[in-house]
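Worksheet for the structure shown next.
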Number of protein chains: 2
Amino acid sequence: MRANFSIAEENYIKSIYHLQQATGEVNTNALANHLNTKAASVTDMLKKLQAKNLLNYLPYKGFKLSREGNKAAVMIIRRHRLWEFFLVDKLHFNWDEIHEVAEELEHIRSKKLIDKLDEFLGYPKFDPHGDPIPDSNGKIDELKQLPLANLPVNKQAIITSVLNQSNELLAFLSSRNIAIGTVLEIKDKLPFDNSVEIKFKNKQSINISEQVAKAIQVNPL
Amino acid sequence: MRANFSIAEENYIKSIYHLQQATGEVNTNALANHLNTKAASVTDMLKKLQAKNLLNYLPYKGFKLSREGNKAAVMIIRRHRLWEFFLVDKLHFNWDEIHEVAEELEHIRSKKLIDKLDEFLGYPKFDPHGDPIPDSNGKIDELKQLPLANLPVNKQAIITSVLNQSNELLAFLSSRNIAIGTVLEIKDKLPFDNSVEIKFKNKQSINISEQVAKAIQVNPL
DNA sequence: ATTTATTTTTAGATTTGTCTAAAAATAAAT
DNA sequence: ATTTATTTTTAGACAAATCTAAAAATAAAT
């Protein structure tokens, strides 16, 4: 059966998914708050999602996404994150400007569009915030993101995001060819200033200050 | 005042614009037919557009877009055609697959998104169907499209579209570096087979058969 | 174990965009 | 110039998504 949900339904599905991920538990009020709406509206929609088998919902008891609802959520998130990647990588948006626009783009439901966009972008694994992008089958690289400063020595990792978005830092990183997706490992941690000696796959090594190493988020491979 | 219309409103505005362009006159039934809806629904929406000063509407007498409505229409068309260009040029969609998707993308109303997309695409002047793309001020290169076969000798023109979408023809054209946007002129028309001798801006000349010259649509410069 | 507070759901109204069926205005035809 | 046909508009209903206010269920507190 062809999945085809309204924009409102998709926003609920996505919010439930995120709240489940973040807190394990979701309740009506939390969801209403997250969606900037009222609890009564949430109840109405829960019943609708239940009727569509996207949700396991027992009045007053609680609710969570069904297997099918989960699948739908993952595909919405795939669309959102691919568009975010596009906006930053191709259109050169800043990281703080993309969310709103991606929020609209994510609702364009053409499987072909998204798969072709994915191909065009080079099958990126992480969006500009470092969150993993589900593949076309809905598989997600589970991410255990940590600051580069906390990465064990000699453990390979991939850069997934940078917390500090200052132009100075971004310019510094780009001058060193450090970007999201760069693979590196720490060869040494220098105790007197907490700077780290990192080595790229091309064997080149450079030294990074503690502040920078804390801002760079990585995902161990 | 920030223009912000619903998707339904935008679809009406766009349809009225297109029908005005095509036939000069629009009436309620024609618009209902074009939008795949009913005349009563059209009347309702006309009143709403009138209230927003997008339309000059006199019940029973007729209606047409106001200056402001026209401006809105042009911006919607700009979005639609830029996305169509993107789909073909970047994502390699075929020309017959893009309309539906562009129909959805056109409603994402972020001026910044569209202007950045325009820049990314290299400020294209024509969409893949050869229709002109309005610039960010709403200015349109008015198009008097004609088959290359009918272009006068020694008159420069730009290729705006190709009628026949067969793979063979597209392959032939691409092997000769002929594409949408290519600037050329006819140096000679050979009467015995109606083939034409065309010359590119780089001074190179080749011969094109009558069939091909009829399929290539150009816009005189 | 009641009372009190919180959370969730119902009941009923509202807005947007649509519809059908009937009425009103305009156009065409005898 | 009436009658007939066509077009357009009104009137009233409906579905989706939302809201406020009140009721019901559950949880917390004395």
Side-chain angles (χ1 to χ4, degrees), chain A residues 2-16 19-20 22-65 69 72-73 76 103-104 106-107 109, chain B residues 2-16 19-20 23-65 69 72-73 76 103-104 106-109:
Chain A
R2 250 319 202 53
N4 212 3
F5 311 117
S6 73
I7 290 176
E9 285 167 345
E10 288 195 347
N11 284 331
Y12 275 88
I13 293 166
K14 197 181 52 155
S15 282
I16 296 168
L19 290 173
Q20 277 183 188
T23 63
E25 285 277 303
V26 200
N27 60 7
T28 306
N29 274 339
L31 186 50
N33 189 57
H34 194 253
L35 281 161
N36 239 311
T37 183
K38 296 293 144 66
S41 310
V42 169
T43 300
D44 287 348
M45 185 59 92
L46 292 180
K47 285 192 271 189
K48 204 185 302 186
L49 296 177
Q50 154 89 328
K52 293 196 177 186
N53 294 313
L54 297 167
L55 205 65
N56 299 318
Y57 167 60
L58 288 170
Y60 291 108
K61 291 262 305 190
F63 56 90
K64 67 175 176 181
L65 288 174
I76 298 163
E103 207 71 11
E104 292 197 53
E106 76 186 3
H107 298 298
R109 28 188 151 20
Chain B
R2 254 307 205 58
N4 212 3
F5 311 116
S6 73
I7 289 176
E9 285 168 345
E10 289 195 346
N11 283 331
Y12 274 88
I13 293 166
K14 195 180 54 155
S15 283
I16 296 169
L19 289 173
Q20 277 184 187
T23 65
E25 285 278 302
V26 200
N27 60 8
T28 306
N29 275 338
L31 185 51
N33 188 56
H34 193 255
L35 282 162
N36 241 312
T37 183
K38 296 294 145 64
S41 309
V42 170
T43 300
D44 287 348
M45 185 58 94
L46 293 179
K47 285 191 273 189
K48 204 185 301 186
L49 295 177
Q50 154 87 331
K52 293 197 177 186
N53 294 314
L54 298 167
L55 204 65
N56 300 316
Y57 168 59
L58 288 170
Y60 291 108
K61 292 261 307 189
F63 56 91
K64 67 174 177 182
L65 288 175
I76 297 163
E103 207 71 11
E104 293 196 52
E106 75 186 4
H107 298 299
I108 291 165
R109 26 188 155 19

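Letters go in sequence order (proteins before strands), and every chain restarts at 1.
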*Give a yes/no answer on whether the side chain of A:Lys38 brings an N or O atom under 4.0 Å of OP1 or OP2 in D:dT18.*
no
_Classify A:Thr28 by what it touches in the nucleic acid, base, sugar-phosphate, or nothing, heavy-atom distance under 4.0 Å._
sugar-phosphate
*Counting side-chain heavy atoms from C-beta on, which of C:dT18, C:dT8, D:dT18 comes nearest to A:Thr37?*
D:dT18
*How long is the line joining CG of B:Leu49 and P of D:dT9, in whole Å?*
13 Å
_Less than 4.0 angstrom from a charged side-chain N to a carboxylate O is my criterion; do A:Glu25 and A:Lys64 meet it?_
no
_Under a 3.5 Å distance rule, please check whether A:Arg109 uses its side chain to pair with a backbone N or O of A:Phe5 as donor and acceptor._
yes
*Side chain A:Thr23, main chain A:Leu19, donor-acceptor under 3.5 Å*: yes
*Take atom CG of B:Leu58 and atom P of C:dA25, then tell me their distance rounded to the nearest Å.*
15 Å
*asked:* If I take atom NZ in residue A:Lys47 and atom P in nucleotide D:dA16, what distance separates them, rounded to the nearest angstrom?
replied: 14 Å
*asked:* Checking base pairs now: Watson-Crick or wobble, both atom distances under 3.5 Å. What partners C:dT15?
replied: D:dA16
*Between B:Glu103 and B:Lys14, is there a side-chain N and carboxylate O pair less than 4.0 Å apart?*
yes
*In whole Å, what is the span from the CG atom of A:Leu35 to the P atom of D:dC19?*
10 Å
*Watson-Crick/G-U partner (both atom distances under 3.5 Å) of D:dA21*: C:dT10
*With both distances under 3.5 angstrom, what nucleotide forms a Watson-Crick or G-U wobble pair with D:dA5?*
C:dT26
*asked:* So if I take every side-chain heavy atom of B:Asn29 and compare against C:dT9, D:dT9, D:dT7, which nucleotide ends up nearest?
replied: D:dT7
*asked:* Counting only side-chain heavy atoms from C-beta out, which of D:dC19, D:dT8, C:dT9 sits nearest to A:Ser41?
replied: D:dC19
*Mapping A:Tyr12 and A:Tyr60 to their closest nucleotides on DNA chain D, which lands nearer the 5' end?*
A:Tyr12
*Which whole-number value in Å describes the distance from A:Met45 CE to D:dA16 P?*
10 Å
_For atom CG of A:Asn36 and atom P of D:dT18, their distance in whole Å_ = 11 Å
*Within the pair B:Tyr57 and D:dT9, is there a side-chain N or O less than 4.0 Å away from OP1 or OP2?*
yes
_Donor-acceptor contact below 3.5 Å, side chain A:Gln20 vs main chain A:Leu65_ = yes
*Measure the distance from CD1 on A:Ile7 to C1' on D:dA16 and round it to the nearest whole Å.*
13 Å
*Taking atom P of D:dT9 as reference, at what distance in whole Å does atom CG of B:Asp44 sit?*
10 Å
